Colleague: 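My structure is below; once you've seen it, I'll send some questions.
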Protein chains: 2
Amino acid sequence: MPSDPRSIESRSFEIIETLLSGKGLNGPEKEVIKRAVHATADPDFADTIIFSQGSLSSGISAIASSCKIITDVNMLRAGISKNRPGGAEAICFVSDEDVRLSAGENGITRSVAGMRKAARLGLIDGSIVAIGNAPTALFEIMRLVREGARPALVVGVPVGFVGAAESKEALEGITEAPFITNRGVKGGTPVAAAIVNAIIKLVTSFPS
Amino acid sequence: MPSDPRSIESRSFEIIETLLSGKGLNGPEKEVIKRAVHATADPDFADTIIFSQGSLSSGISAIASSCKIITDVNMLRAGISKNRPGGAEAICFVSDEDVRLSAGENGITRSVAGMRKAARLGLIDGSIVAIGNAPTALFEIMRLVREGARPALVVGVPVGFVGAAESKEALEGITEAPFITNRGVKGGTPVAAAIVNAIIKLVTSFPS
């Protein structure tokens with residue numbers, strides 16, 4: 001195998017090009033899908049990732065304007081590229097003491113309590129909300145959207161046997177906010193990070 | 001779906017029990033495999049995860065003695081449970097300025113340079129080294145082991161089309177250090193985190 005980072009990545013993308021050929025993918029959507037397949041070595045994502053109308057342009061504009069990126073878990077925050085235009089913040093409240101307490105008192109997950117804190121602080125509107133782990137957090141952001149919150153983009157790709165597929169199916173019914181999601185039980189933090197990082201790369205590779 | 005965190009988790013593990021039945025899994029190895037399947041919603045891991053002889057006991061003893069956990073990427077460090085006996089440190093050097101410089105100068109990946117820094121600081125012996133992303137870092141830790149480094153456990157489950165499967169195949173040939181790995185291109189940070197966190201849970205659920 002090649003040992004320098006650029007050759008590894010370019011060889012990987014050559015393999016992915018071959019795997020995706022004939023699937024009729026193109027444009028920036030294809031770049032996002034390629035990054036998700038690269039992150040997981042799972043070509044299934046080429047058939048399961050869904051973009052709502054205009055979602056990618058909305059995400060690109062938001063990143064270009066240095067929007068905040070709100071994540072469900074710290075692992076996802078850590079996976080978001082540091083090369084963010086304008087030093088845009090990546091934020092996760094899940095480990096905050098008040099979030100922990102509120103989750104315990106209300107019998108909700110800490111990631112739901114984290115989303116509520118983001119909403120309380122007025123951080124949702126215009127932000128990218130990325131959820132790779134917790135279906136409960138995705139259901140919560142949908143509730144907030146129905147109540148009037150307006151994220152620039154919801155990247156909702158939680159993983160798991162309980163609630164993940166259902167939460168993503170529900171997201172496909174949302175018309176008030178642009179979203180990128182995937183169908184089925186698979187997903188996860190690396191997929192969410194890959195989608196957000198692909199958008200960042202689309203912006204930083206073609207500066208205005 | 002249930003909304004409280006404990007019901008979601010216990011329902012998920014019921015489903016996983018069913019998926020894994022008949023595979024002849026048992027004991028602490030089964031607990032580790034269940035966590036990997038839970039993290040990925042991918043039952044394939046039940047057939048592909050490999051434990052070297054005594055690896056799990058070595059990892060359990062190390063965690064019980066509050067060993068350091070050295071990771072290839074920050075995303076993995078962020079995914080390691082905070083409930084570590086004795087406040088054991090989780091360490092990742094990949095973003096350090098000297099590591100970045102050394103990687104650039106030597107044409108190596110930053111995660112390789114990070115492993116070299118850990119070795120230079122004498123941190124490898126007795127630690128758990130967890131690699132979920134970079135095959136180059138896994139090759140480097142094998143080189144360090146051949147030169148005499150003695151980690152308590154190598155969790156080596158990098159993902160990807162270039163080098164990941166080869167690096168894990170090479171790990172299966174290592175006799176000087178205990179390891180947990182998986183076969184094939186799949187793997188990733190959530191799998192590495194799930195394996196380490198399963199070991200932490202095995203220790204903290206049955207305190208001595």
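Proteins get letters first, then strands, A, B, ... in listed order; numbering begins at 1 in each. Nothing here was measured: the structure is a model prediction, and the numbers come from that model.
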Colleague: Salt bridge or not between A:Glu172 and A:Arg183? Use side-chain N to carboxylate O under 4.0 Å.
Modeller: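 Salt bridge present between A:Glu172 and A:Arg183.
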
Colleague: Return the option, out of A:Leu76, A:Asn133, A:Asn106, A:Thr40, with the maximum number of heavy-atom pairs under 4.5 Å with chain B.
Modeller: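 Of the candidates given, the most pairs with chain B belong to A:Thr40.
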
Colleague: Check B:Thr181, B:Asn182, B:Thr48 against B:Lys168 for a side-chain hydrogen bond (donor to acceptor under 3.5 Å, both in side chains) and give me the one that passes.
Modeller: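 Testing B:Lys168 for a side-chain hydrogen bond (donor to acceptor under 3.5 Å, both in side chains) against B:Thr181, B:Asn182, B:Thr48 leaves exactly one candidate, B:Asn182.
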
Colleague: Tell me, for B:Val112 versus chain A, whether the close heavy atoms (under 4.5 Å) come from the side chain, the backbone, both or neither.
Modeller: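 Nothing of B:Val112, per the 4.5 Å heavy-atom cut-off to chain A.
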
Colleague: Against chain B, label A:Ser12 side chain, backbone, both or neither, depending on which of its atoms sit under 4.5 Å from a heavy atom there.
Modeller: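 It is both, since atoms from each part get that close.
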
Colleague: Give the intermediate values and the outcome of side-chain contact (heavy atoms from CB on, under 4.5 Å) for residues A:Phe93 and A:Thr71.
Modeller: CA-CA 8 Å; A:Phe93 292 120; A:Thr71 69; over 6 Å; no

Colleague: I'd like to know which of B:Lys82, B:Lys186, B:Arg77, B:His38 tops the heavy-atom pair count under 4.5 Å against chain A.
Modeller: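 Winner by heavy-atom pair count: B:Lys186.
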
Colleague: Any donor-acceptor pair under 3.5 Å linking the side chain of B:Thr204 with the backbone of B:Ile200?
Modeller: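 Yes, because the side chain of B:Thr204 sits within donor-acceptor range (under 3.5 Å) of the backbone of B:Ile200.
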
Colleague: Tell me if a side-chain donor or acceptor on B:Ser205 pairs with a main-chain N or O of B:Leu202 at a distance below 3.5 Å.
Modeller: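 Side chain of B:Ser205 to backbone of B:Leu202: no pair is present.
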
Colleague: For the pair B:Glu17 and B:Lys30, find out whether any cationic side-chain nitrogen is under 4.0 Å from an anionic carboxylate oxygen.
Modeller: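 Salt bridge flag = yes for B:Lys30 with B:Glu17.
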
Colleague: Between A:Glu29 and A:Arg35, is there a side-chain N and carboxylate O pair less than 4.0 Å apart?
Modeller: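 No salt bridge links A:Glu29 with A:Arg35.
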
Colleague: Using non-hydrogen atoms and a 4.5 Å limit, figure out which bit of B:Ile80 sits close to chain A: side chain, backbone, both or neither.
Modeller: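 Nothing of B:Ile80, per the 4.5 Å heavy-atom cut-off to chain A.
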
Colleague: Taking it one step at a time, do A:Arg84 and A:Ile69 satisfy side-chain contact (heavy atoms from CB on, under 4.5 Å)?
Modeller: CA-CA 10 Å; A:Arg84 298 190 283 265; A:Ile69 301 161; 3.7 Å; yes

Colleague: Residue by residue, which of residues 142-159 of chain B have a heavy atom closer than 4.5 Å to a heavy atom belonging to chain A?
Modeller: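 Listed by number, the contacting residues are B:Val159.
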
Colleague: Determine whether A:Leu123 and A:Ile70 satisfy the following criterion, side-chain contact (heavy atoms from CB on, under 4.5 Å), listing intermediate values before the conclusion.
Modeller: CA-CA 8 Å; A:Leu123 298 175; A:Ile70 300 165; 3.9 Å; yes

Colleague: Measure distances from A:Ala103 to the heavy atoms of chain B and classify the residue's part below 4.5 Å as side chain, backbone, both or neither.
Modeller: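 For A:Ala103, there is no contact with chain B at all, as no heavy atom is under 4.5 Å.
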
